[in-house]
*Asks:* 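What follows is a single structure, and I will ask about it in a moment.
Since the structure is predicted, the reported quantities are computational estimates derived from the model, not experimental observations. In what follows, every heavy atom counts, from backbone to side chain, and hydrogens, waters and symmetry copies are set aside.
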Amino acid sequence: MCTGGCAKCLGTALLSLSTIAFLCNILLFFPGGKEIGNINRLSQEVWFFGGILGSGFMMLFPANMFLDLKNNDCCGCCGIKSCGKRFAMFSSIIFAAIGLLGAGYSFIISVTAIRKGPKCLMDNDEWGYPFHNGDYLSDKSLWSKCREPENVISWNLNLFSILLVIAVIQIVLCAIQVVNGLLGTVCGNCCGKYGRI
């Protein structure tokens, strides 16, 4: 497959994943699937917008760049055929780095949120974080420490886990594009008969 065609596939995948990440982060504002009256009762990590900013918005830049890369020759380059395409492939490495930063941010937020657990109404009638260092992950009996909102633990755990998996996939896809971009920059167009990327 040509380097430009590979980039287009990566861009399509990144665009789909960023949409899912965006939606997951929106759902986190409704703990347990219900509207919460006081926004101060939401987990702190929800407000860091890992899925909206990191895996969502920041991923739109590389995704759109990769989608258009096959047809982009950067207006040519001093009249030298394919020089513009090589520059376009090189610039895709920079956009892939932006994607890596965004996915890395989302990954860190998700890991922190899973380890910390959700904010909820505890047995002492105060809102806080009853879990320590992810202890609730291996001991489901601790889940009773959260009285409200109902099902908030599984809700947060599932959504942040999805965001974590999405971030890992995005990191892998952006890393593939770094290699693909290097190949397109160094080797030029694909080795096909017509030399298209």
Side-chain angles (χ1 to χ4, degrees), residues 9-64 66 96-178:
C9 290
L10 295 174
T12 302
L14 288 174
L15 201 56
S16 301
L17 290 169
S18 67
T19 303
I20 296 168
F22 188 88
L23 291 174
C24 284
N25 204 142
I26 294 294
L27 289 173
L28 284 166
F29 284 97
F30 303 95
K34 297 172 184 164
E35 187 176 349
I36 193 163
N38 187 344
I39 60 172
N40 294 323
R41 294 177 177 172
L42 289 171
S43 296
Q44 187 178 19
E45 289 74 22
V46 174
W47 293 104
F48 293 153
F49 300 112
I52 293 174
L53 290 177
S55 286
F57 183 71
M58 283 183 73
M59 205 54 65
L60 294 178
F61 296 111
N64 288 323
F66 301 164
I98 293 170
L100 285 169
L101 287 174
Y105 174 73
S106 181
F107 178 85
I108 291 168
I109 297 301
S110 299
V111 167
T112 304
I114 290 170
R115 186 174 167 90
K116 190 175 180 182
K119 189 174 190 179
C120 58
L121 182 65
M122 301 180 291
D123 291 332
N124 60 2
D125 288 329
E126 291 184 11
W127 287 82
Y129 299 93
F131 308 118
H132 306 286
N133 297 321
D135 57 355
Y136 74 102
L137 296 172
S138 58
D139 187 1
K140 202 168 181 178
S141 65
L142 295 174
W143 290 22
S144 60
K145 289 183 177 181
C146 271
R147 290 168 41 198
E148 288 181 21
E150 189 179 350
N151 300 322
V152 69
I153 300 170
S154 57
W155 185 264
N156 273 28
L157 185 57
N158 288 331
L159 290 172
F160 276 116
S161 295
I162 291 169
L163 286 173
L164 180 67
V165 170
I166 287 173
V168 169
I169 295 171
Q170 288 175 330
I171 287 169
V172 170
L173 294 178
C174 287
I176 289 171
Q177 181 53 34
V178 168

*Asks:* Has the side chain of Asn133 got a donor or acceptor atom that lies under 3.5 Å from a matching backbone atom of Asp135?
*Replies:*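 No, because the side chain of Asn133 does not come within donor-acceptor range (under 3.5 Å) of the backbone of Asp135.
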*Asks:* In the structure I gave you, are the side-chain heavy atoms of Cys24 and Ile20 within less than 4.5 Å of one another anywhere?
*Replies:*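 Result yes, sub-4.5 Å side-chain heavy-atom pair found.
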*Asks:* Which residues pass the ring pair (Phe, Tyr, Trp, His ring centres under 6.0 Å) test with Phe61, sequence neighbours left out?
*Replies:*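 For Phe61, the residues satisfying ring pair (Phe, Tyr, Trp, His ring centres under 6.0 Å) (neighbours in sequence not counted) are Phe57.
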*Asks:* Just verifying a value: how many Å separate Phe107 CZ and Leu100 CG, rounded to the nearest 0.5 Å?
*Replies:*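 Rounded to the nearest 0.5 Å, the CZ-CG separation comes out at 13.0 Å.
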*Asks:* Is it true that a side-chain atom of Thr19 and a backbone atom of Leu15 form a donor plus acceptor pair closer than 3.5 Å?
*Replies:*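 Present.
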*Asks:* Only pairs under 3.5 Å count here: list side-chain donor-acceptor contacts from residues 160-173, not counting sequence neighbours, and write none if there are none.
*Replies:*
from   : atom 1 : to     : atom 2 : distance (Å)
Ser161 : OG     : Leu157 : O      : 2.6
Gln170 : OE1    : Ser55  : OG     : 2.8
Gln170 : NE2    : Ser55  : O      : 3.1

*Asks:* Identify the two heavy atoms, one from Asp139 and one from Ser141, that lie closest to each other, and give their separation to 0.1 Å.
*Replies:*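 Shortest heavy-atom separation between Asp139 and Ser141 comes out as OD1-OG, 2.5 Å.
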*Asks:* Is there a side-chain contact between Glu148 and Arg41, using heavy atoms and a 4.5 Å cut-off?
*Replies:*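 Side chain of Glu148 against side chain of Arg41, heavy atoms only: no contact under 4.5 Å found.
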*Asks:* Please report the shortest heavy-atom distance between Val152 and Cys120, naming the atom on each side.
*Replies:*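 Closest heavy-atom pair between Val152 and Cys120: CG1-CB, 4.1 Å.
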*Asks:* Mind checking whether Arg147 and Asp125 have side chains closer than 4.5 Å, heavy atoms only?
*Replies:*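 Yes, close enough: below the 4.5 Å cut-off.
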*Asks:* Could you tell me whether a side-chain N or O of Asn156 sits under 3.5 Å from a main-chain N or O of Gly117, the two making a donor and an acceptor?
*Replies:*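 It does not hold such a pair.
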*Asks:* List the atom of Met59, the atom of Gly99, and the distance in Å for their closest heavy-atom pair.
*Replies:*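 Scanning both residues, the minimum pair turns out to be CE-O, 3.1 Å.
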*Asks:* Just by modelled atom types, is the Pro130 backbone N or O under 3.5 Å from a matching donor or acceptor in the Tyr136 side chain?
*Replies:*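 No: the side chain of Tyr136 does not pair with the backbone of Pro130.
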*Asks:* Between Gln177 and Phe66, is the side-chain contact (heavy atoms from CB on, under 4.5 Å) condition met? List the steps.
*Replies:* CA-CA 8 Å; Gln177 181 53 34; Phe66 301 164; 3.2 Å; yes
*Asks:* If you define the side chain from C-beta out and look only at heavy atoms, does anything of Trp47 sit under 4.5 Å from Phe29?
*Replies:*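 Side-chain contact under 4.5 Å: yes.
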*Asks:* How far does CD of Glu45 sit from CD1 of Ile114, to the nearest 0.5 angstrom?
*Replies:*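 The distance works out to 10.5 Å.
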*Asks:* Please round to the nearest 0.5 Å and tell me the distance separating atom NZ of Lys119 and atom SG of Cys146.
*Replies:*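 Here the interatomic distance stands at 12.0 Å.
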*Asks:* Take a 6.0 Å sphere around CZ of Phe48 and say whether it holds more than 12 heavy atoms from other residues, nucleotides or ligands.
*Replies:*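 Counting other residues, nucleotides and ligands, CZ of Phe48 exceeds 12 neighbours.
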*Asks:* Trp155 side chain to Glu150 main-chain N or O, any donor-acceptor pair under 3.5 Å?
*Replies:*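 Side chain of Trp155 to backbone of Glu150, a donor-acceptor pair under 3.5 Å: no, none is there.
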*Asks:* Are Phe131 and Trp143 an aromatic pair, judged by ring center distance below 6.0 Å?
*Replies:*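 Centroid separation for Trp143 and Phe131: 6.0 Å or greater.
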*Asks:* Restricting to disulfide (SG to SG under 2.5 Å), what partner residues turn up for Cys174, sequence neighbours left out?
*Replies:*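 Not a single residue meets the disulfide (SG to SG under 2.5 Å) criterion with Cys174.
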*Asks:* Measure across Leu42 and Leu28 and return the closest heavy-atom pair with its distance rounded to 0.1 Å.
*Replies:*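 In terms of heavy atoms, the two residues are closest at CD2-O, 3.9 Å.
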*Asks:* To check you understand the geometry: which heavy-atom pair defines the closest contact between Leu159 and Leu27, and what is its length?
*Replies:*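 Leu159 and Leu27 have their closest heavy atoms at CD1-CB, 3.7 Å.
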*Asks:* By salt bridge (charged side-chain N to carboxylate O under 4.0 Å, His left out), which residues pair with Lys145, not counting sequence neighbours?
*Replies:*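 Lys145: no salt bridge (charged side-chain N to carboxylate O under 4.0 Å, His left out) contacts found.
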*Asks:* Taking C-beta and beyond as the side chain, do Phe30 and Pro149 meet within less than 4.5 Å on heavy atoms?
*Replies:*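 No, their side chains stay 4.5 Å or more apart.
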*Asks:* At what distance, to the nearest 0.5 angstrom, does CG of Asn151 lie from NZ of Lys34?
*Replies:*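 So the gap between those two atoms works out to 6.5 Å.
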*Asks:* For Asp123, give me all partners under salt bridge (charged side-chain N to carboxylate O under 4.0 Å, His left out), at least two apart in sequence or on another chain.
*Replies:*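 Salt bridge (charged side-chain N to carboxylate O under 4.0 Å, His left out) check on Asp123 returns nothing, list empty.
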*Asks:* Among residues at least two apart in sequence or on other chains, which ones pass side-chain hydrogen bond (donor to acceptor under 3.5 Å, both in side chains) with Asn38?
*Replies:*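 Partners of Asn38 under the side-chain hydrogen bond (donor to acceptor under 3.5 Å, both in side chains) test: Asn40.
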